[in-house]
Amino acid sequence: MRREAAMILRRPGGFRRDPLVTARVRAVARVAGVLAFLATPALAQSFLGTGPAERLTLPPAGEPLRPAPQKPPAPEADPARRGVPLTAAVAAARRFPADTRGYRLAGEEDALPFPVYLTEAQARGQTKLRVSYLSAISVAPEASELSGSVNGTKVGWTRIQAPGAVKVVEFPLPEGLLKPGYNAVVLAASQRHRVDCSTGATYELWTQIDPSRSGLVVAQAGDLDLKSLAALEPDESGALPVAVLLAERPSPERLERMIGAVQAVALVGRLARPAVTFGAPLMGRAGLNLLVGTAAEIRGTEGVEELGPITGPRVALLAPRGSRAPVLVVTGASAADIRQAVQTLAAAGDTGGTPAGARAAELARGYPVRGGESLTLDQLGVTSREFNGRLLRVGFEVRFPADFVPADYGKAMLHLAGGYAAGLESSAQIVVDINGRNAASVPLPYSRGEVFTDSAIPLPLSLWRPGLNRVEISAQLPTAADRTCDTLAPGARRARFLFLDRTRLDLPALARAVRSPDLAAVKAGAVPFLTPDPAAQGPRPRLVLPTPDRDSTSAAATLAARLALAAGRVIDFEIGSDDRAAGGGARLVVAPVRALTPAALDSVGLDPGQVRSIWEGRAETVATPGPFGAEGVVTLDRLRRNLPMRCALPAFTTPLRTAAPAPVATPVSVQAPPAQPQAPAGAPDDSDADLVARWDDSARGAIVPAVLANAWKALARWTGEARDLGSRAMGGPAPEAVPLNPRASLIVAQGTGQGEGGGLAETTVLVTAPNASMLRASVSCLVDPVVWTGLSGQAAFLDASDGSLTTVQPKSVGLVETQSRGLANLRLVAAAWLSLNPGAYVAMTLLMALCLGLATTSLVRQLGRRNS
């Protein structure tokens, strides 16, 4: 009402000419003053973006001075077309699960799909789609909109106008739109810049979804059963909490069964982000309590008496009681019965739902490929569209086998279909990125425009990796009109690019072997703890817990659940406390650094002295993961920076003690949060010698000396690699230690064994942190899908305060066979090995040239006449 009064007062001559208007204004002002005084408590609904970071709390009522409508809205305010602000008591929402894309809509056009599983009771009745979001200040509200669709039906849209505060809107869903099983929920944004029409300005456009308040407003799942465990509700960060009920310290054998049951829950619920704790039960709607043990071990637990006599394998779900979350009981008369019950639980999942929902659930993990396929982008979830902006970005995800060898022995071919309009500038082009790295660029040269049906773009296989791969196709479409930036011009809405979903990706045959060491194979298929062949027999993998306290065990169980999801089945870990014990298979060591021996750190290429030196000041820091990490809150600053919700650590009160940096001889890459890629903090600046050398190189006038210098450096590097290869073959010394990131709160490193068996059975994967509480908090950040997909190389250093991941690639890798020997795969593996070991390739080439020269000399000597 104040706004209406102000508008009337500003109207030229409107206030002075009509006495009736004057009276109306005064009445409106009086009513507005009274209502503002009475509605003072409701002012907490506005989320201020100034001052210190604030806790975001959802208000119990709608916007102040805006009562709930008493009659159906006018056509222009139809909820099917516009987002309706919250105007009544806020009901709890079934939140969206975490996925690899995070919760940010970036660029001029973007969409986030979420597969949401519902029970039959949840799908009935009045339902709504709630969206809580924050936008960049550069987003123009008059030309930008946020829309929601469910199972292919658009249910509403709203103008994007939340630059300084979180805004919450709801879209009513038609009755019968939601179905039992998986439902596809898609949030899409069309955004335009306020004042800048350049291509670079499109990177400033974003809308951040707040996962703590967004979701489907449905009833609580009162009909939850074993087949519908995927309907368990995630917490505010998109993770599913799993509390393993524990009243006393379990034996290693019982702990094995508990971790096996946790993995089964992750499989049946398709948990991309598990969060496991041991101890007291969970309260509230989110999460699941898990009770594992024989009938004698769980006797006396509340609610167990409802199961009756337990004479064999038993899996039962106890309904919520009071504020306690549901309890899943996995029990039996003996340990063998529990193992059988775990296998039964792992196979109890349901994949039903709407066609769109089932497809969204399948694509959430990436479309699986094996090599030799030809896939249209329609199969990968991409649709045809016309685009009228400056930068079109189309992305899709494919999942390569865990034993795929990324190397330069072949190329994938992307065949584009579409067209572009006339009038584009000469800088217009199409850029293809694979996993954030540029793979190819193709100019759009014709000023008259062009329509193409098969524009082939080669993509090298070395840029792909085992597991999930994201491909982004960007069309940069600047025009001369963008310089004036007249958004009201007639041609501002003219389509500039046509993208067709019959664009296809042709994949060649893939080399099948496991790179070692390579954490990408570990996160993609739980290699080496589970071989790609399910029928293969071998020793049980070992989960080593030198200090089996609750924090360390929670971190180990969370990792085991994440690895089981990657492997697609329960991993039969053998629990142990001694990392030096002989026998067994590959080892996963999870412990704080103080509990590790120097030999354990050295086995994965880490320098024990350096590790203890950089973490000495953090050993006493306590980090307790809450709903959003150690801080326990979500702030406007964290939403703006697009940080993973569970990646948060408290500020360190002890200054960091940084060890002297080791000579870096291996390539290092950084995987940071999507919104703000940044180099790892604490990286040393260039020295004076480096700066002088760089300027000296740039000042060289002659091209030939520079080429010769580069060739000499390459030859020296290849010679060194060949020398190291021969030294390792002869049992020489181990390579230099891995360079450390002093800002890391968690280290994940892989080492290859030197035993007689060799191969995957001798592999060690080490996960360590300064102390047990920080280990648990950092692992909770590591398993976030956005962070987890960046795991690769010989070692990874995670800064759990913001989710940035620094990876170190090994100087050389070995290949371990996983497939039955065949000539075709052997040829591909050999080509891949030579491309990964250029020193050996150069040595073999020189040897073959020498042999050819000797053979030619020997042959020529026997031909012709000898001159006397």
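In this chain, residues are counted from 1 in sequence order. Basis for what follows: all heavy atoms, side chains included, without hydrogens, waters or symmetry-related copies.
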Closest contact, heavy atoms only, [X] versus [Y]:
X	Y	answer
Pro644	Asp802	CD-O, 3.7 Å
Pro401	Leu510	CD-CD1, 4.2 Å
Leu545	Ala556	CD2-CB, 3.6 Å
Gly793	Asp518	N-OD1, 3.3 Å
Asp408	Pro460	OD1-CB, 4.0 Å
Ser801	Leu643	O-CD1, 4.4 Å

Quick one, [X] and [Y] - any side-chain contact, counting heavy atoms below 4.5 Å?
X	Y	value
Pro528	Val522	yes
Leu740	Val611	yes
Phe400	Pro466	no
Asn771	Arg594	no
Leu798	Val748	no
Val816	Thr763	no
Asn741	Arg743	yes
Tyr409	Val829	no

Does one side chain, of Arg646 or Ser780, offer a donor that lies under 3.5 Å from an acceptor on the other?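 A donor-acceptor contact under 3.5 Å links the two side chains.
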Candidate pair Phe797 and Val808, rule side chain to side chain contact (heavy atoms under 4.5 Å, CB included), full reasoning: CA-CA 8 Å; Phe797 302 91; Val808 178; 3.6 Å; yes
Whether the side chain of [X] engages the backbone of [Y] through a donor-acceptor N/O pair (distance < 3.5 Å, no angle test) should be reported.
X	Y	result
Thr768	Ala591	yes
Ser778	Met774	yes
Glu256	Ile575	yes
Glu373	Gly371	yes
Asp799	Ala744	no
Arg515	Ala521	no
Asp602	Gly605	no
Asn825	Arg512	yes
Thr558	Ala275	no

Scan for salt bridge (charged side-chain N to carboxylate O under 4.0 Å, His left out) pairs involving residues 554-567, sequence neighbours excluded, and state none if there are none.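 Listed once each, the pairs would be none.
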Write out all pairs satisfying salt bridge (charged side-chain N to carboxylate O under 4.0 Å, His left out) with one or both partners inside residues 778-789, taking only residues at least two apart or from two chains.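 Output for this query lists Arg273-Asp784.
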[atom2] on [Y] to [atom1] on [X], rounded to 0.5 Å:
X	Y	atom1	atom2	value
Leu559	Trp788	CG	CH2	6.0 Å
Glu616	Ile614	CD	CD1	11.5 Å
Met645	Cys781	CE	SG	11.0 Å
Leu543	Phe529	CG	CZ	8.5 Å
Leu363	Leu380	CG	CG	7.0 Å

Take Val767 and Leu746 through the side chain to side chain contact (heavy atoms under 4.5 Å, CB included) test and state the conclusion after the steps. CA-CA 7 Å; Val767 182; Leu746 183 79; 3.8 Å; yes
Among Leu596, Val593, Ile747, Leu588, find the residue that satisfies the side-chain contact (heavy atoms from CB on, under 4.5 Å) test when tested with Leu766.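 Result: among Leu596, Val593, Ile747, Leu588, Leu596 is the only option passing the side-chain contact (heavy atoms from CB on, under 4.5 Å) with Leu766.
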Passing candidate, side-chain hydrogen bond (donor to acceptor under 3.5 Å, both in side chains) with Glu397, options Thr789, Asn469, Thr100: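 Result: among Thr789, Asn469, Thr100, Thr100 is the only option passing the side-chain hydrogen bond (donor to acceptor under 3.5 Å, both in side chains) with Glu397.
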Mind running side-chain hydrogen bond (donor to acceptor under 3.5 Å, both in side chains) on Asp551 and Ser773 for me, showing each step along the way? CA-CA 6 Å; Asp551 285 338; Ser773 65; 5.1 Å; no
Could you go through the side chain to side chain contact (heavy atoms under 4.5 Å, CB included) check for Trp464 and Leu459 one step at a time? CA-CA 9 Å; Trp464 307 79; Leu459 308 175; 4.1 Å; yes
Taking it one step at a time, do Lys523 and Ser792 satisfy side chain to side chain contact (heavy atoms under 4.5 Å, CB included)? CA-CA 8 Å; Lys523 59 93 176 175; Ser792 64; 5.8 Å; no
